[in-house]
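One-based numbering along the sequence shown. Keep in mind it's a predicted model, so treat the numbers as computed, not measured.
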Amino acid sequence: MQRTVEEIRRAAEVFKALGHPQRLRIACQLMEGECPSQKHLVEELGLPQSSVARLLEPLRACGLVAGVRQGAELRLSAQGQVLARMLDAMCDLVHAGDGRSAP
């Protein structure tokens, strides 16, 4: 199947968003339900709120993470099964050993 330029650009944005170690960590934690709010991420990562907000922005822009304001808190959630499948595939690759061969 031939991919359009726009589809390739969108895929590159998703990979770029997940290519930063802290953003990947955030995505994994959200998929596992470990950090339900931006405040929890600030505490978990030990980073200032402004840094966490900057880390979240590319994930939100790609549609991988959504945030809903509830009072003073920003409640976060991972979006869609695509992120879950991507993270599962990455974990399979990493846990396969040297990272060069997957089962």
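The list of salt bridge (Lys or Arg N to Asp or Glu O under 4.0 Å) pairs with a residue in residues 65-91, not counting sequence neighbours, reads Glu73-Arg75.
Taken from CG in Leu18 to SG in Cys62, the straight-line distance is 7.5 Å, to the nearest 0.5 Å. Ser77 contributes atom OG, which lies 10.0 Å from atom CE of Met31 (distance to the nearest 0.5 angstrom). Considering CG of Leu87 and CE of Met90, their distance stands at 5.0 Å, rounded to 0.5 Å. Note: Gln49 CD to Leu74 CG = 9.0 Å, rounded to the nearest 0.5 Å. Interatomic distance, Leu64 CG to Leu56 CG, rounded to the nearest 0.5 Å: 11.5 Å. How far CD of Gln79 is from CG of Leu83: 9.0 Å, rounded to the nearest 0.5 Å.
Gln22 has its side chain within reach of Leu47: a pair of non-hydrogen atoms, C-beta onward, lies under 4.5 Å apart.
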Are Ile26 and Leu45 close enough, and set up right, to give a side chain to side chain contact (heavy atoms under 4.5 Å, CB included), and what steps lead you there?
-> CA-CA 9 Å; Ile26 289 169; Leu45 299 174; 3.8 Å; yes
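Checked by atom type and distance alone, the side chain of Arg60 never pairs as donor or acceptor with a backbone atom of Ala66 at under 3.5 Å. Without hydrogens or angle criteria, Glu57 side chain to Arg54 main chain gives no donor-acceptor distance under 3.5 Å.
Annotation: side-chain hydrogen bond (donor to acceptor under 3.5 Å, both in side chains) contacts of Gln29 (sequence neighbours excluded): Glu44. Residues passing the salt bridge (charged side-chain N to carboxylate O under 4.0 Å, His left out) test with Arg10: none are found, sequence neighbours excluded.
The two atoms that bring Ala17 and Arg23 nearest to each other are O-NE, 2.8 Å, heavy atoms only.
Other residues, nucleotides and ligands contribute at most 12 non-hydrogen atoms within 6.0 Å of the CD atom of Gln81.
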